[in-house]
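Right, one structure below, let's go through it.
Counting starts at 1 for both ligands and their atoms, in listed order. FYI, the numbering just counts along the sequence from 1. All values below come from the heavy atoms of this structure, side chains included, with hydrogens, waters and symmetry mates left out.
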Amino acid sequence: METKILKPTNKNMLLAASLLKQGEVIGVPTETVYGLAGDSTNSSAIEKIFKAKGRPNDNPLICHISSLEMLNFIVKKTPEDALTLAKVFWPGPLTIIMPRGERVCKESCAGLDSVGVRMPKNKIALKIIDLAGIPFSAPSANISGKPSPTNAFDVYEDMKGKIPLIIDGGECEAGVESTVVSLLENTPIILRPGVITKEDMESVLKKEVKVAKGVTQEVSNAQKVLSPGMKYKHYAPKADITILNGDLEDFCEFVKKHDEEGTYAMCFDEEKEYMPIPAISFGKKNDPKSQAHNLFSALRELDNVGAKRVFARCPQKDGVGLAVYNRLIRSAGFKIINLNCKKQI
Ligand code: TXA
Ligand code: MG
């Protein structure tokens with residue numbers, strides 16, 4: 001199959017909408033990352049998504065809507081907190097897990113009784129949903145396990161020959177996927193951090209929002225996980241990544257000692273010139289939004305330069321930093337070395 005990359009003109013967005021209605025799967029930009037979109041109500045379209053990504057079929061997809069009326073179509077019951085969050089954060093990078101309604105096919109939700117829903121902020125995504133008149137389910141448009149795509153070319157790299165169309169909406173604004181919050185229990189719980197933070201939601205809901213353990217810690221396959229996505233290795237380039245937690249000086253000393261053929265440092269922009277080994281940067285120091293924006297393209301670049309081993313600087317774990325840390329620790333298969341242990345003794 002030929003994969004076309006087309007600009008988001010009216011004509012091309014109509015084509016995208018009509019392909020969706022025919023049960024095809026297409027690449028669509030959102031404000032977070034590019035999605036691999038298919039009709040949420042059509043199980044054969046959903047099957048194509050899982051196949052194109054090579055995604056384990058117990059990992060549910062997010063349903064994307066363009067209006068609150070569409071929400072009634074998808075969920076069984078809208079919790080009060082969902083409306084409060086939607087009023088403030090939709091359209092935007094927040095996915096809310098709610099009880100699943102009848103109209104979304106169960107394959108999209110991997111057989112669960114719940115469904116993740118979000119209204120994207122990206123105008124192209126919203127327009128395509130409107131034109132199609134149906135919600136689309138979309139995971140990130142990468143091959144399962146690889147870094148999420150933040151531009152149309154990254155989608156092409158992974159989906160070439162597998163889908164008929166990618167709409168090129170330029171670079172994604174956020175660069176990391178949406179925050180996923182579950183409202184299935186009384187206390188909201190974050191299953192995946194994003195640019196909308198725990199504190200953002202607490203200030204709107206006026207109550208505590210928890211963060212699931214799996215956000216920062218490894219959960220085993222056997223353990224019951226709140227979000228199936230937590231148990232898979234994710235966002236990983238071919239290189240073997242280790243996070244080094246410590247200051248810049250200790251970082252440089254460590255990487256210099258461990259410099260072998262194909263070893264790269266992954267550091268913040270301002271630090272690149274001080275690196276004693278080849279380095280790729282992922283955004284500005286003390287600026288988690290910039291790190292979120294650049295992280296996945298930096299991970300893809302490591303593949304392009306043929307990196308075999310990577311030592312990465314450790315992002316902060318609060319605010320938007322938690323989203324960056326969550327993705328990086330998964331790309332590293334949870335390998336982290338505390339450099340300043342000896343100093344603490
Ligand atoms: O920003 C985003 O969310 C992007 C764009 C395309 O919208 N989409 C995205 O989808 O990141 P995906 O499939 O790569 O990640 C969805 C995550 C997975 O970790 C999945 O396990 C979780 O959301 N999820 C979806 N539905 C769920 C449900 N009903 N219960 C628990 N977790 C759910
Ligand atoms: Mg994904």
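- Among all non-hydrogen protein atoms, the one lying nearest atom 18 (C) of ligand 1 is Asn59 OD1, 3.8 Å.
- The shortest N or O to N or O distance between Thr32 and ligand 1 is under 3.5 Å.
- Between Thr30 and ligand 1, not a single N/O pair is under 3.5 Å apart.
- The single protein non-hydrogen atom nearest to atom 25 (C) of ligand 1 is Pro60 O, 3.5 Å, given as residue, atom name and distance.
- Counting protein heavy atoms only, atom 29 (N) of ligand 1 is closest to Ser114 OG, 3.0 Å.
- Of the listed residues (Gly35, Ala37, Gly214, Pro29), the one carrying the non-hydrogen atom nearest atom 6 (C) of ligand 1 is Gly35.
- Side chain to side chain, Ser178 and Arg192 meet the donor-acceptor criterion of an N or O pair below 3.5 Å.
- Here atom 13 (O) of ligand 1 lies nearest to Arg55 when heavy atoms of Met98, Arg55, Arg192 are compared.
- Of all protein N/O/S atoms, those under 2.8 Å from the Mg ion (ligand 2) are Ser140 OG, and waters are not counted.
- Looking at Arg118 next to ligand 1, an N or O pair under 3.5 Å apart turns up.
- For atom 9 (C) of ligand 1, the closest non-hydrogen atom of the protein is Ser140 N, 3.7 Å.
- Of the protein's non-hydrogen atoms, Leu226 O, 3.5 Å is the one closest to atom 31 (C) of ligand 1.
- Checked for salt-bridge contact, Glu102 and Lys76 miss the test: no charged N lies under 4.0 Å from a carboxylate O.
- Heavy-atom minimum distance, Ile129 versus Met70: CG2-CE, 3.5 Å.
- Taking a 4.0 Å cut-off on heavy atoms, Ala138 registers as neighbouring ligand 1.
- Of the protein's heavy atoms, Ser227 OG, 3.1 Å lies nearest to atom 32 (N) of ligand 1.
- The closest side-chain donor-acceptor pair between Asn142 and Asp158, if any, does not fall under 3.5 angstrom.
- Electrostatic pairing of Arg313 and Glu271 counts as a salt bridge here, judged by a charged N lying under 4.0 Å from a carboxylate O.
- Using a 4.0 Å heavy-atom cutoff, Arg100 is absent from the residues neighbouring ligand 1.
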Please table the atom pairs, donor to acceptor, closer than 3.5 Å between any side-chain atom in residues 22-29 and protein atoms at least two apart or in another chain.
from: Gln22; atom 1: NE2; to: Ser18; atom 2: O; distance (Å): 3.3
from: Gln22; atom 1: NE2; to: Ser18; atom 2: OG; distance (Å): 3.4

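- Ranking the protein heavy atoms by distance from atom 3 (O) of ligand 1 puts Ser178 OG, 2.5 Å first.
- Here the protein heavy atom with the shortest distance to atom 23 (O) of ligand 1 is Val180 CG2, 3.9 Å.
- In this structure, CD1 on Ile241 lies 13.0 Å from CZ on Phe334, to the nearest 0.5 angstrom.
- Taking the six-membered ring for Trp and the full ring otherwise, the centers of Phe268 and Phe282 sit less than 6.0 Å from each other.
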